[in-house]
Every structure is written in C-alpha cells, then in structure tokens.
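In what follows, every chain begins at residue 1, and chains take the letters A, B, ... in the order their sequences are listed.
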There are 2 protein chains.
Amino acid sequence: MSYRIKSRIWIESDNNVLLGEGRVHLLKAIQETGSLSKAAKSLNISYKKAWQLLDSVNKSAKKPVTINNIGGKGGGGAELTDYGKLLVKAFDEINKNCWAFLDKQLEKIELL
Amino acid sequence: MSYRIKSRIWIESDNNVLLGEGRVHLLKAIQETGSLSKAAKSLNISYKKAWQLLDSVNKSAKKPVTINNIGGKGGGGAELTDYGKLLVKAFDEINKNCWAFLDKQLEKIELL
DNA sequence: AATCGCTATATTTGCACAGACATAACGATT
DNA sequence: AATCGTTATGTCTGTGCAAATATAGCGATT
C-alpha cells in the first residue's frame with residue numbers, strides 16, 4: 001500500500017527545546033570541524049542561526065554541552081563536552097528506536 | 001531532572017502528507033459538526049485553510065476519507081467515510097503508543 | 001601593539017506563507 | 001426561478017521569521 005509513518009522527536013527541558021534533529025546535526029558538525037563557524041558553513045546555515053541554536057542548547061541543558069573558546073590561537077573554537085557527546089549518542093539511539101517502533105505500527109493501517 | 005521527550009508523527013503516501021495531528025483534529029471536527037465550514041470555525045482556522053487540508057487528505061488517501069456534498073438541503077455538508085473513521089482511530093492509537101514508547105526511553109537520558 | 005580567526009550580538013532586508021477577502025458553483029427546497 | 005448555506009477556488013495583503021549584513025570583543029601569538 002506504501003503508506004509510511006514519519007516522525008520527529010525532540011527533548012525539552014522546562015518547555016525549552018534542548019535537542020532536535022537540527023541541533024544534533026549541528027553538534028556533530030562542531031565535533032567534526034572544531035568550530036562553530038565551520039560547522040555552520042558545512043550545514044549551509046548562517047553563523048547567526050548556528051550560534052542561536054547552540055546558545056539555546058547550552059542554556060537548556062543541565063550541564064554544558066559545548067565549550068566555546070573565544071580568541072587565542074586560531075581565534076578560538078568550540079568542542080563537545082563528554083556530556084554533549086553522550087547526549088548526541090542517546091538522542092540518535094532513541095530516534096532510531098522510534099523509527100523501528102513506528103514501522104511495526106504500520107500494519108495497523110495497512111490492513112484497513 | 002525533568003527532561004521530556006516530545007514527538008510529532010504523520011503518515012505519508014508518495015511523499016504527500018496524509019494525516020498529522022492537525023488533519024486529525026479537522027476530521028474529528030467534521031465528524032462532530034457535519035460540515036467543513038463549521039469544523040473550520042470550531043478550530044479557529046480559516047475555511048480556506050481547512051478546505052486545503054481536507055483536499056490534500058483526500059488526494060493522498062487510497063480511498064476517500066470524507067464525502068462532501070455541495071448544494072442541496074442546508075447547502076451541503078461533509079462527513080467521514082468508514083475508512084476515514086478507521087484512519088483517525090488508527091492514528092490516535094499509534095500516536096498514544098509512540099508517546100508511551102518514548103516515555104520508556106527517557107531513562108537512557110536521565111542517567112547521564 | 002598589531003594581527004588573526006573565531007565567538008557574540010544588533011540591525012536591517014527580503015520573502016514565503018497565512019489570513020482576509022471576493023466570488024463562482026451547486027442542488028434541494030419553496 | 002429565487003433562496004439558502006454550503007463547497008470550491010482565485011487573488012491580494014501583510015506580517016513574522018529567516019537570512020544577510022555589520023560590528024564589537026576576545027586572547028594567544030608574533
């Protein structure tokens with residue numbers, strides 16, 4: 001029949017969004033490039049948008065997700081904390097599990 | 001800790017959205033009021049938006065989801081087909097299951 | 001102290017999308 | 001054939017949000 005169930009999940013903390021797919025993409029890009037500006041370029045989003053997202057992430061999280069260095073050698077940079085890495089990993093895992101779960105639920109529709 | 005996982009699911013058919021939360025709300029309102037225009041009013045959305053949504057639903061579905069009567073006694077009206085009612089019920093069920101599933105997954109984050 | 005590339009933030013500009021508005025078409029009822 | 005309350009569409013407007021632009025601040029390195 002070819003119906004498909006799609007989903008989008010996100011984690012909130014006090015009604016603020018902590019993590020969603022876009023934010024996770026950004027965090028991964030920071031991990032790969034070592035800087036927020038390079039991460040923004042690699043995702044084709046403006047630096048400003050990337051900064052706003054990251055700022056929101058760090059303000060919503062219980063512990064810091066990234067460490068941002070201003071100035072200094074190379075001008076600075078950003079990197080994930082251990083907590084940030086764990087959060088990203090957990091989000092990916094939960095997201096995949098959710099997809100698998102919903103695929104199973106499809107049969108309830110296909111036999112209508 | 002009080003992180004929460006939220007989700008939004010929708011059903012697609014050939015890359016077209018068939019059902020999401022908003023569309024299901026609209027279908028339920030049609031079922032209750034017997035007309036698209038009354039349903040739109042009860043949801044505080046414009047008639048046009050409601051019509052576009054419903055049109056998209058019926059174009060995406062494999063079988064008709066509503067029967068729309070133009071003209072005639074009372075000017076016409078709209079009502080759900082049996083297939084439409086089943087779809088709405090299945091969507092609600094899957095959505096609830098998804099919430100429950102994600103609540104269970106929360107523990108993976110809480111112990112970080 | 002001058003440079004560099006980054007983070008941090010305000011201000012302005014543009015555009016997509018939602019909403020308001022207008023109108024046609026329809027068919028049972030009178 | 002006139003009326004009525006719908007469904008069915010097109011058009012126009014404006015506004016909120018995203019993107020572009022501009023600029024300040026930072027600190028290691030030279």
Tell me if a side-chain donor or acceptor on [X] pairs with a main-chain N or O of [Y] at a distance below 3.5 Å.
| X | Y | answer |
| --- | --- | --- |
| A:Arg23 | A:Trp10 | no |
| A:Ser60 | A:Val17 | yes |
| A:Tyr47 | A:Ala39 | no |

Under-3.5 Å N/O pairs linking protein and nucleotides 27-30 of chain D:
from, atom 1, to, atom 2, distance (Å)
D:dG27, O4', A:Gly72, N, 3.4
D:dG27, N2, A:Gly72, O, 3.4
D:dG27, N3, A:Gly72, N, 2.9
D:dA28, O4', A:Lys73, N, 3.3

Open item on the list: Salt bridge or not between A:Lys59 and A:Asp55? Use side-chain N to carboxylate O under 4.0 Å.
Closed with: yes
TODO: State plainly whether the residues B:Arg4 and A:Glu12 are in salt-bridge range, i.e. N to O under 4.0 Å.
DONE: no
Could you tell me whether the side chains of [X] and [Y] share a donor-acceptor contact shorter than 3.5 Å?
| X | Y | value |
| --- | --- | --- |
| B:Lys49 | B:Gln52 | no |
| B:Thr66 | B:Asn58 | yes |
| B:Lys63 | B:Thr81 | no |
| A:Gln31 | A:Lys28 | no |

Measure all distances between protein nitrogen or oxygen atoms and nitrogen or oxygen atoms of nucleotides 9-14 of chain C, and list the pairs falling under 3.5 Å.
from, atom 1, to, atom 2, distance (Å)
C:dT11, O4, A:Lys48, NZ, 2.7

Task: Among A:Leu54, A:Val65, A:Asn68, the one residue meeting side-chain contact (heavy atoms from CB on, under 4.5 Å) with A:Ile30 - done: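 It is A:Leu54; the other options fail the test.
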Open item on the list: Same cluster or not: A:Trp99 versus B:Ile11, using hydrophobic residues (I, L, V, M, F, W, Y) connected whenever any side-chain heavy atoms lie under 4.5 Å apart?
Closed with: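 Unlinked, A:Trp99 and B:Ile11 end up in two clusters.
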Task: Any A:Asn68 side-chain nitrogen or oxygen under 4.0 Å from OP1 or OP2 of C:dA8 - done: yes
Length of the line joining [X]:[atom1] and [N]:[atom2], which is rounded to integer Å:
| X | N | atom1 | atom2 | result |
| --- | --- | --- | --- | --- |
| B:Lys41 | D:dT6 | NZ | C1' | 10 Å |
| A:Leu53 | C:dT7 | CG | C1' | 15 Å |
| B:Asn44 | C:dA18 | CG | P | 17 Å |
| B:Leu26 | D:dT7 | CG | P | 11 Å |
| A:Lys49 | D:dA18 | NZ | P | 6 Å |

TODO: Within residues 28-38 of chain B, find the residues that approach DNA chain D with a heavy atom at under 4.0 Å, and present them sorted by residue number.
DONE: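 The stretch gives B:Ser35, B:Leu36, B:Ser37, B:Lys38 as the residues lying under 4.0 Å from the strand, ordered by number.
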